[in-house]
Amino acid sequence: MGEAKGKIFNCLVVAAVVILAAVAGTVLCAQGNDYPPGPEPKDIKIVDVDPSSIPADGMSEATITARATNGTDASNNYKLKFEIVAQPGDDAYLTTSEWDDHNSGPLVGNTTNINGYAYAKLKAGTTVGQVEIEVYRIKGSDISDTAIIFLTEPGGKPDLKVTELRANCGELFANASNIINATIDNIGTNASGAFNVSFDTGSFSKEVRVNDLAVNGTTIVSVTDPTQRHAGESVTISVTVDCDSEETTEDNNAISIVKEVVNNGYKGKSVAGLPSLVLLEHQKIRGNLVYTVGNSSKVELEPANTTTTGFNITIPDSASLKTARLYVYWYDSYSSTEHGDADLTVVIEGHSFTTPDAMYTDEKGFGSYNYPKGTYVYDVSSAISGTGTYAAVMENGADNTSTVLTGQMLLVVYEEGSEPEREYWITEGCDLLMANSKYCVSPGEAIANVTLEGEIANATNKSARLITVVAQGNEQGTDLTFNEQVWEDVWQDYAGNSKLCIDDRSVTPAASDNVVGFRDTGTMGMQASNAILVVSSTTSRTFELPITKGWNLISIPLDMGNTSIDAVFPDANDGDVLFSYNGSWITTTYYSGYGWYGDFETIELDKGYWYGANSAYTTTIEGTEAGTRTVPIATGWNLIGYTGQNEAGLNNIIPNANDSDVLFAYDEGWVTATYYSDYGWYGDLNKMQPGKGYWYGATEAFTWEY
């Protein structure tokens, strides 16, 4: 029994020792490198050498910091070796706090800490020159890195020289912040120590602190000047280096350049607060628009030469022309003897247009190949009479400038009473876009945003068509945005034989201020030229409205393109009558061979009508759904209509009636309902139906919304 107790006691002691060891191990892990190794190193880098040059005095030191990682994770608790692989003499050596049997000499080791860092120090020798140090885990492995430390003449001096001063991509750009870079070399015989670099542009100044620059070292110091300037301004940029140490000479510590501010044409005009495209028209019509590039193609038009493009246009015979616009897209030929804007004359069907009605241009704005590009617009309404083929002859009137025509587009807007109502915006212009870091232009700057201002009634019940035109393009990296929608690589195909890319797509309109965006994300460039938005009611549908002999209380349930009474009731009988009420009665009568004649000529949504028919027949109503309605109800009697496409219960369709309001319908006899505030509608009329009219007796005025 005593032997058993002794064994138990011994086990308890062992357990206590194990627990204490675990606790002690935890403390050791917190204080040193006594923790499990991290992931196997895949990369070793020397991340810092401080300072990068030291005097060859046999005493000075420089610290080398290396880091081992496995991808993005630190490789902790791994032994790294630091080795001098070349030096000017033989008395420089390395030291480290680890490896007691090997912590001094040309080869030392250090274990990476929890963040993957390991350290060693170089003790200077007495010979001036370069010491090359390699850090690695296994000798000969590809996983290694090297660093150079300069041993300089004891008592030597630094010599800081500003060798280059440069703005951005070599330019100062208008309407933008500008990055200014100064390149500084140390051509002296000692490290510089800390020094200041001072920038001054007149309207902006800033001082930047640099910790050190080794002998033969180079550094680039950058600042961002936020000053917004206008093109054409002249700006003197100066930079001065102020070394804390005595230099060999201070005659090379400053430099100045004079730069003229230029526009960066590769950025969108809207980025600078200018309109990328200009609004030509914003109208509502019963009609439509059509466009064609005809057989236009890319042509280099030399002085006094001509080219001809044919256009086929088809519009309804009953349509009347509202606008005809010819767009000519061009750029100045690289081979021109003299460079400048195009000088074009256009002749269509004997009508000569010597001056464009609108001229839009853009250009790179700086450097080489800074030649204009443009869109010329001609109002050719006088030359277009309707459906037909039209030939446009274009002549280059310049003496020494050759112009490249990338294509033309003829746009025709027409009105026709049977068409649905459409609202449209036409914008035009020329905005050169190209995202390229070589020219300091990001994709966020190579964008042309066009805001189509104005509210769209019942936008959720409307369809929209967006037509966009770019000259050139035809590369991946051209994105279209519309409100929150984004389409990538849009303008990929040329229209016909032209060098124009046209995208025509259905979009979802916003209730107001729709925004179209053209964006280049890295192509050879394109010119945003047109954005055209056409908003229409939703898809057309029909409703068969039966007219019985005698009196009919009716309404029109669809939004019609043509609301004339002759269009709504073309099959009326001689002597049929129609009554409308708006505080008083007005009437109109149908006469065979003539049509409807009387006090009013059109049918309105939301109104009810009394139709007196001599014979029964059915009229077909064609239009689009009217969408959400807001109908004012006046105190007293109102003759109202209902535009819903399905039957609806009164309590659902008119929930905000006033106490004692009444509603009457007529279908070979009267039916009625009364509204009670604590109950709802009650009576033998319990629903509203499409095509029916109603008498509403209101105790108070209110707005009926459904």
Side-chain angles (χ1 to χ4, degrees), residues 33 43-69 74-76 79-89 91-99 103-136 144-160 183-197 207-222 241-247:
N33 287 8
D43 190 35
I44 295 174
K45 291 292 184 184
I46 295 177
V47 295
D48 187 44
V49 176
D50 184 29
S52 57
S53 61
I54 55 178
D57 55 10
M59 297 181 296
S60 298
E61 293 182 341
T63 300
I64 304 102
T65 303
R67 190 176 191 228
T69 59
S75 296
N76 55 277
K79 301 287 188 180
L80 299 186
K81 295 181 181 181
F82 295 78
E83 182 177 3
I84 297 175
V85 294
Q87 63 168 308
D91 53 351
Y93 62 94
L94 295 164
T95 65
T96 182
S97 60
E98 290 196 37
W99 294 9
N103 69 343
S104 178
L107 174 66
V108 298
N110 191 242
T111 303
T112 58
N113 64 17
I114 195 167
N115 294 314
Y117 292 101
Y119 307 91
K121 288 187 177 182
L122 173 72
K123 287 281 188 177
T126 57
T127 306
V128 173
Q130 297 181 2
V131 179
E132 182 180 357
I133 298 168
E134 182 180 12
V135 60
Y136 53 89
S144 65
D145 197 12
T146 59
I148 298 293
I149 296 178
F150 295 94
L151 300 182
T152 62
E153 191 72 39
K157 296 179 181 179
D159 186 4
L160 298 180
T183 302
I184 301 163
D185 294 336
N186 183 359
I187 60 174
T189 58
N190 211 342
S192 68
F195 60 92
N196 294 329
V197 182
E207 190 172 81
V208 179
R209 187 73 167 170
V210 179
N211 290 330
D212 187 33
L213 188 58
V215 174
N216 297 323
T218 297
T219 186
I220 298 176
V221 182
S222 301
V241 176
D242 181 17
C243 187
D244 291 357
S245 305
E246 183 181 354
E247 295 186 68

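Along the sequence shown, residues carry numbers from 1.
Between the Gln87 side chain and the Ala92 main chain, a donor and an acceptor come within less than 3.5 Å of each other. Although no hydrogens or angles enter the test, the distance criterion places a donor-acceptor pair under 3.5 Å between the side chain of Asn186 and the main chain of Asp159. Remark: the backbone N or O of Leu160 is paired with a side-chain donor or acceptor of Glu247 at under 3.5 angstrom. In this structure a side-chain-to-backbone donor-acceptor pair under 3.5 Å is present from Asp91 to Thr126. With hydrogens and angles disregarded, a donor-acceptor distance shorter than 3.5 Å links the side chain of Asp57 to the backbone of Met59.
Summarising the geometry, atom CG belonging to Asp212 is positioned 4.5 Å from atom OG belonging to Ser192; distances are rounded to the nearest 0.5 Å. Once rounded to the nearest 0.5 Å, the distance linking NZ of Lys157 with CD of Glu246 reads 3.5 Å. To the nearest 0.5 Å, atom OH of residue Tyr136 and atom NZ of residue Lys79 are 14.5 Å apart. Here OH of Tyr119 is found 11.5 Å from CG of Leu80. Values are rounded to the nearest 0.5 Å. The structure places CD1 of Ile133 at 10.0 Å from OG1 of Thr146, a figure rounded to the nearest 0.5 Å. Between the NZ atom of Lys121 and the CG atom of Asn103 there is a distance of 12.5 Å, given to the nearest 0.5 Å.
Side chain to side chain, Asn110 and Thr96 meet the donor-acceptor criterion of an N or O pair below 3.5 Å.
Residue Val131 comes nearest to Pro88 through the heavy atom pair CG2-CD, 4.1 Å, listed as atom of the first residue, atom of the second, then distance. Here the closest heavy-atom approach between residue Val215 and residue Ala191 is recorded as CG2-N, 3.7 Å. Shown here for Phe82 and Ala118, the closest heavy-atom pair between the two residues is CZ-O, 3.8 Å. Contact between Ser53 and Thr152 at its shortest, heavy atoms only, is CB-CG2, 4.1 Å. For the pair Ile184 and Val241, the tightest heavy-atom approach, listed with the atom from each and the gap, is CD1-CG2, 3.7 Å.
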Criterion side-chain contact (heavy atoms from CB on, under 4.5 Å) on Thr183 and Thr218, from CA distance to verdict | CA-CA 7 Å; Thr183 302; Thr218 297; 3.8 Å; yes
Check the pair Ile64, Leu94 against side-chain contact (heavy atoms from CB on, under 4.5 Å), reporting the backbone distance first and the verdict last.
-> CA-CA 10 Å; Ile64 304 102; Leu94 295 164; 4.1 Å; yes
Can you check side-chain contact (heavy atoms from CB on, under 4.5 Å) on Lys81 and Leu107, steps first, answer last?
-> CA-CA 7 Å; Lys81 295 181 181 181; Leu107 174 66; 4.0 Å; yes
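Between Arg67 and Asp145, none of the side-chain N atoms (NZ, or NE/NH1/NH2) sits under 4.0 Å from a carboxylate O, so this pair counts as no salt bridge.
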